[in-house]
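Residue numbers start from 1 in every chain, and the chains themselves are labelled A, B, ... in the order their sequence lines are given, proteins ahead of strands.
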Protein chains: 2
Amino acid sequence: MPNQPNAFDTHDHSHCTTDGLARAEGILALRKQRLTPVRRQTLQILLAEHRALGAYEVLDKLAEAGFGKQPPVAYRALEFLVEHGLAHKVRRLNAFAACMHPETDHAPVFLICRGCNALAETAAEPVRAALDAAAHAAGFTVERTSIEALGLCPKCKVAA
Amino acid sequence: MPNQPNAFDTHDHSHCTTDGLARAEGILALRKQRLTPVRRQTLQILLAEHRALGAYEVLDKLAEAGFGKQPPVAYRALEFLVEHGLAHKVRRLNAFAACMHPETDHAPVFLICRGCNALAETAAEPVRAALDAAAHAAGFTVERTSIEALGLCPKCKVAA
DNA sequence: GTATTTTAGGTTATAGCATAACATAAGCCG
DNA sequence: CGGCTTATGTTATGCTATAACCTAAAATAC
Ligand SMILES: [Zn+2]
Ligand SMILES: [Zn+2]
Ligand SMILES: [Zn+2]
Ligand SMILES: [Zn+2]
């Protein structure tokens with residue numbers, strides 16, 4: 001996993017949005033896909049916070065920014081971002097979050113803080129390997145995974 | 001994990017329902033909780049199939065059996081079963097499935113076949129350990145997990 | 001055994017999440 | 001430009017889940 005700041009670390013957050021948008025542009029250019037205004041704004045909305053946002057929450061912010069007000073506007077932009085690995089869906093929350101290291105194709109593993117709602121991704125390989133091994137023992141072939149943990153981040157642990 | 005038949009194994013399925021109900025009675029008796037008619041019927045509906053059922057699908061079957069027709073009827077029974085470890089919620093499917101080994105308190109790991117919708121639970125400990133390790137490295141304390149894999153079961157792999 | 005408290009089941013209503021289907025507009029390419 | 005493809009917007013609808021209120025049944029207290 002590249003060296004992106006973790007949601008739980010104190011960091012200069014102003015870079016998160018600009019870097020994220022820049023990386024997205026690079027990735028999409030290679031794939032000859034367009035980062036249109038709605039898509040760009042949607043990604044920016046997600047990048048602004050290290051937590052997952054519901055589609056309707058995103059939609060409200062898009063509407064404020066002058067885009068369409070109907071659900072498909074948000075869902076389509078979110079679907080596009082997820083498809084290209086720029087965002088992930090957090091199933092436990094029925095919500096979406098920007099990916100902090102979209103250049104490496106990966107199945108995400110989420111750590112969700114129930115105290116402050118912060119959301120971080122963590123090392124997927126060992127977890128995925130353990131899951132593959134268990135699945136293999138059952139004769140099952142894994143294609144996609146959702147691996148999510150709910151708990152307390154370092155800061156909220158101290159506060160509690 | 002006790003010796004219960006796996007959804008992917010060929011097995012005498014007539015035992016699954018009766019054994020499951022018997023185990024539920026035992027567990028609830030110890031906790032002085034009541035397996036009321038709706039709850040019993042709900043569990044039986046889930047036990048009848050080795051797959052996850054949506055709450056409204058359960059509700060329809062409850063209504064057919066003479067119980068109430070409104071969502072809370074199903075949701076309350078399902079919530080009770082989940083609370084006592086007799087069923088699990090599969091977040092990837094927004095659906096519920098009976099647990100095949102409810103006596104051991106466990107966080108489930110699901111294998112969901114996209115071919116036949118069969119759902120099996122598998123060894124959680126190694127996966128959970130890997131996840132705990134990754135979380136610990138980030139200073140995060142895991143309280144609850146959702147670990148789910150989508151793919152192909154042995155039978156559907158052969159068929160494909 | 002009846003009164004009191006607690007737990008469960010039933011209803012109506014509404015909130016929250018997601019997609020189908022169709023129309024318009026913008027980019028792309030001969 | 002003209003025709004094709006992709007993207008945006010709209011209306012309408014469906015699926016998932018819970019709040020709030022009322023009645024009934026069971027457990028417990030007297
Ligand atoms: Zn940041
Ligand atoms: Zn990611
Ligand atoms: Zn069976
Ligand atoms: Zn289980």
Is any side-chain heavy atom of A:K157 less than 4.5 Å from a side-chain heavy atom of B:T141? yes
Can you tell me if A:T36 touches the phosphate of D:dT6, counting only side-chain N or O atoms and a distance under 4.0 Å to OP1 or OP2? no
A:L53 CG to C:dG16 C1': how many Å, rounded? 15 Å
Does some side-chain heavy atom of B:C116 sit less than 4.5 Å from a side-chain heavy atom of B:C153? yes
With a 4.5 Å limit on heavy-atom distance, are the side chains of B:T145 and A:E148 in contact? no
So how far off straight is the helix from C:dG1-D:dC30 to C:dG30-D:dC1, going by the axes through five pairs at either end, to 10°? 30°
Heavy-atom distance under 4.5 Å between the side chains of B:D60 and B:E57, does that happen here? no
C:dG9 C1' sits how many Å from B:R39 CZ, rounded? 10 Å
Nearest atoms (heavy-atom pairs only) where B:A97 meets B:L119: CB-CD2, 3.6 Å
Atom CG of B:L35 and atom P of D:dA26 are separated, to the nearest Å, by 14 Å
Using the side-chain contact (heavy atoms from CB on, under 4.5 Å) definition, which of the options A:L53, A:L46, A:I45 pairs with A:L78? A:L46
Atom-to-atom span, NZ of B:K32 to C1' of C:dT7 - whole angstrom: 16 Å
Under 3.5 Å, is there a donor-acceptor pair between the A:H106 and A:E121 side chains? yes
Can you check nucleotides 25-29 of chain C for protein contacts, nitrogen or oxygen pairs under 3.5 Å, and list what you find?
none

Please tabulate the protein-to-nucleotide N/O contacts below 3.5 Å involving nucleotides 17-24 of chain C, giving atom names and distances.
| from | atom 1 | to | atom 2 | distance (Å) |
| --- | --- | --- | --- | --- |
| C:dA18 | OP1 | A:K89 | NZ | 2.5 |
| C:dA18 | OP2 | A:Y75 | OH | 3.2 |
| C:dA18 | O5' | A:Y75 | OH | 3.4 |
| C:dA18 | N7 | A:Y56 | OH | 2.8 |
| C:dA18 | N6 | A:Y56 | OH | 3.3 |

Can you see whether A:R91 engages A:S146 through a side-chain donor-acceptor pair at a distance of less than 3.5 angstrom? no
Atom CG of B:L59 and atom P of C:dG10: how far apart are they, to the nearest Å? 11 Å
B:S14 and side-chain hydrogen bond (donor to acceptor under 3.5 Å, both in side chains): which single residue from B:T17, B:D12, B:T18 fits? B:D12
Report the distance from atom CZ of B:F67 to atom P of C:dA8, rounded to the nearest whole Å. 15 Å
Heavy-atom check, side chain of B:R39 versus side chain of B:L86, under 4.5 Å: no
What's the CZ-P distance between A:R92 and C:dG16, to the nearest Å? 20 Å
Rounded to whole angstroms, how far apart are NZ on A:K69 and P on D:dA12? 16 Å
Taking the side chain as every heavy atom from C-beta outward, state whether B:F96 and B:V82 have any atom pair closer than 4.5 Å. yes
